[in-house]
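The analysis underlying the following values was restricted to heavy atoms, covering all of them including side chains, and did not include hydrogens, waters or symmetry mates. As the structure is a prediction and not an experimental result, all values here were calculated from the model.
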Amino acid sequence: MTRIDRHIAFRMLANFGLLFLLLYLFAVVIDIILNLEAFSAIAKETLPEDAGTIRHILTSGGMALGYHLPQIFQFYAWLWGLLAIGAMAFTVSQMSRHRELVALLASGWNLQRVALPLILVTAGLGFIQLLNQELVLPRVAPLLLRTHSQASQPGLRSFPVPITVDSSRRLLQAGAFHPDTDELTQPNFIERSPTGLAVRRIRADSASWDSDREGWVLVNGVATTLDREDSAVARAGRPTQEVFVETDLSPRILLMRRHGALAGMLSTVQIIDLLDGPETRESSALRRSLWSRFVAVIVNILMLLVALPFFLDRLPVGLVQRTVTCAAVVLPLYVVVAAAMLVPLPGLSPLLGVFLPLVILLPLGMARFGWLRT
């Protein structure tokens, strides 16, 4: 990489960092203003009654800071592609305004060569997103799934488990699930016949997840067989002790059914581990999340190639006019691509839905890159 390449790359990285910081701070300030009452209520609950106003303000600010800091990683995951295009636009416009592009063209460079460090920087930002997806988001997922009223908590609050079915048609209902300890309180398992009638019921005081055996270890578990042979009304048989229930309703699956956004925060290893189990209704979302994280990097690079000719030109161009034109083309394209990758399409498999935008954007991006007037 030459000195000019490094100059262009560092300038784009600086513009990316500035745009990212400004947008993130803007989003945080707006969210704090809209939810200031919630943070203030949490601070009031945690502070003694004789706490002063200044201490209350500082505690409220600390709650807001603790809530929003982990979201910087999710903010990057959502917007790095668009911000890369914005950083490219500012970088090229600055070079055009200072006649740096004219000097490069006069020295024998073509515009495709000028675009090379911009593309490499975008690829590097995509690689950072993959590291963010695999190493950071799975660790901070419990913090990202919190609501504003849970800002003081180190993780997710426990919640009741409604009647939930597993791949074996077994039903689970529990008084509460505790995400921090992977435990169930007062779980009830109901095993059913092929016709859907309950044939066995298992109750327990609590249950903890055993990842090695892939099931719940019961505390004071009691199983009751229901006899339906003689009449339509079930009659309970003699209770027996039960210590283990094998099921695919793992803590992660329960969280996914409670919080659908969790699928996008799991690492590749975690998703493959879930897909190795029995087929569940979450399998399609998991496959889509698994492949979309890699396809999205290539898609964002192709989107950069689509946007490049709007700004990279032999002659000085107006930033405002080109920005409006680029936004009118790129933003709707982004919406369509995101919908195709994230939303299930009728009649299409999850794999085909994820790769369809790539098939469409690849010739379009290469054609736009080849049409640069140099």
Side-chain angles (χ1 to χ4, degrees), residues 45 138-139 141-143 145-147 149-150 152-263 265-266 269-271 273-283 286:
E45 293 176 359
R139 297 177 182 272
L143 301 177
L145 295 175
R146 295 178 303 174
T147 62
S149 61
Q150 301 172 349
S152 61
Q153 300 179 10
L156 287 174
R157 182 182 298 172
S158 59
F159 56 87
V161 179
I163 296 177
T164 306
V165 61
D166 67 4
S167 60
S168 302
R169 298 173 55 84
R170 181 189 290 110
L171 301 179
L172 165 64
Q173 183 274 331
F177 170 64
H178 307 278
D180 53 342
T181 59
D182 289 345
E183 292 183 352
L184 293 172
T185 300
Q186 296 180 342
N188 291 278
F189 296 90
I190 300 177
E191 298 178 355
R192 299 187 294 172
S193 66
T195 59
L197 297 176
V199 296
R200 194 163 180 258
R201 181 175 59 201
I202 304 172
R203 294 180 176 179
D205 293 338
S206 62
S208 58
W209 179 254
D210 188 336
S211 57
D212 294 330
R213 293 190 289 172
E214 296 185 353
W216 294 96
V217 179
L218 307 180
V219 177
N220 297 328
V222 177
T224 304
T225 302
L226 304 177
D227 184 12
R228 295 181 180 270
E229 294 181 358
D230 299 330
S231 65
V233 180
R235 293 179 300 177
R238 179 176 298 178
T240 59
Q241 294 295 318
E242 191 79 12
V243 296
F244 183 77
V245 175
E246 183 179 358
T247 177
D248 60 309
L249 291 177
S250 64
R252 199 165 286 138
I253 291 294
L254 294 178
L255 279 174
M256 284 184 59
R257 296 194 178 182
R258 176 78 174 188
H259 305 279
L262 181 65
M265 303 177 191
L266 300 177
V269 175
Q270 291 173 333
I271 292 179
D273 182 58
L274 290 175
L275 290 176
D276 284 341
E279 190 77 9
T280 63
R281 70 182 188 185
E282 290 80 16
S283 297
L286 289 171

Determine whether a donor-acceptor pair (N or O, by modelled atom type, separation under 3.5 Å) exists between the side chain of Trp209 and the backbone of Arg252.
no
Exercise for review: For the pair Arg157 (side chain) and Thr147 (backbone), establish whether a donor and an acceptor sit closer than 3.5 Å, ignoring hydrogens and angles.
Suggested key: no
- request: Using a cut-off of 6.0 Å, state whether more than 12 heavy atoms not belonging to Arg139 lie near its atom CZ.
  value: no
| message | Go through it in stages, so that I can follow the logic: the residues are Val243 and Gln241, the test is side-chain contact (heavy atoms from CB on, under 4.5 Å), and I'd like the CA-CA distance, side-chain angles, deciding distance and then a yes or no. | response | CA-CA 7 Å; Val243 296; Gln241 294 295 318; 5.6 Å; no
Under the side-chain contact (heavy atoms from CB on, under 4.5 Å) criterion, do Leu255 and Phe159 qualify, and how do the steps go?
CA-CA 10 Å; Leu255 279 174; Phe159 56 87; 3.9 Å; yes
Those residues at least two apart in sequence (or on a different chain) that pass side-chain hydrogen bond (donor to acceptor under 3.5 Å, both in side chains) with Arg257 are Glu282
Between the CZ atom in Arg170 and the CD1 atom in Ile190, the distance rounded to the nearest 0.5 Å is 11.5 Å
When every non-hydrogen atom of Gly221 is compared with those of Ala204, the smallest separation belongs to CA-CB, 3.8 Å
- Item | Side chain proximity check, Trp216 to Pro251, heavy atoms < 4.5 angstrom | yes
Separation between CD1 (Ile271) and CG (Leu286), nearest 0.5 Å, reads 6.0 Å
- Query: Do Ser283 and Leu275 pass the side-chain contact (heavy atoms from CB on, under 4.5 Å) test, and can you show the C-alpha distance, the side-chain angles, and the key distance before you say yes or no?
  - Reply: CA-CA 6 Å; Ser283 297; Leu275 290 176; 4.1 Å; yes
Heavy-atom nearest pair, Ala207 first then Pro187, reads CB-CG, 3.9 Å
Note: Thr195 and Ser193 closest approach over all heavy atoms is OG1-OG, 2.9 Å
Heavy-atom side-chain contact between Thr247 and Leu172 under 4.5 Å: no
State whether the number of non-hydrogen atoms from other residues, nucleotides or ligands found under 6.0 Å of Gln173 atom CD is greater than 12. yes
NE2 (His178) and OG (Ser208) are apart, to the nearest 0.5 Å, by 11.5 Å
_Can you confirm whether Thr164 sits close enough to Ile253 that some side-chain heavy atom of one is under 4.5 Å from a side-chain heavy atom of the other?_
no
Under 3.5 Å, side chain of Arg200 to main-chain N/O of Glu191, donor-acceptor pair present? no
* **side-chain contact (heavy atoms from CB on, under 4.5 Å) evaluation trace for Leu262 with Leu145** => CA-CA 8 Å; Leu262 181 65; Leu145 295 175; 4.0 Å; yes
Taken to the nearest 0.5 Å, the spacing of Met265 CE from Met256 CE works out to 11.5 Å
Taking every heavy atom of Pro138 against every heavy atom of Gln270, the minimum-distance pair comes out as CB-OE1, 3.7 Å
Only one of Leu184, Leu249, Asn188 passes side chain to side chain contact (heavy atoms under 4.5 Å, CB included) with Val161, and that residue is Leu184
* Under 4.5 Å between any side-chain heavy atoms of Leu274 and Ser250, yes or no? -> yes
Smallest heavy-atom separation, Pro160 atom then Pro162 atom, equals O-CD, 3.4 Å
Do the side chains of Phe177 and Thr185 get nearer than 4.5 Å, heavy atoms only?
no
For atom CZ of Arg203, is the number of surrounding heavy atoms from other residues, nucleotides or ligands below 6.0 Å larger than 12?
no
d(Ile163 CD1, Leu171 CG) to nearest 0.5 Å is 6.5 Å
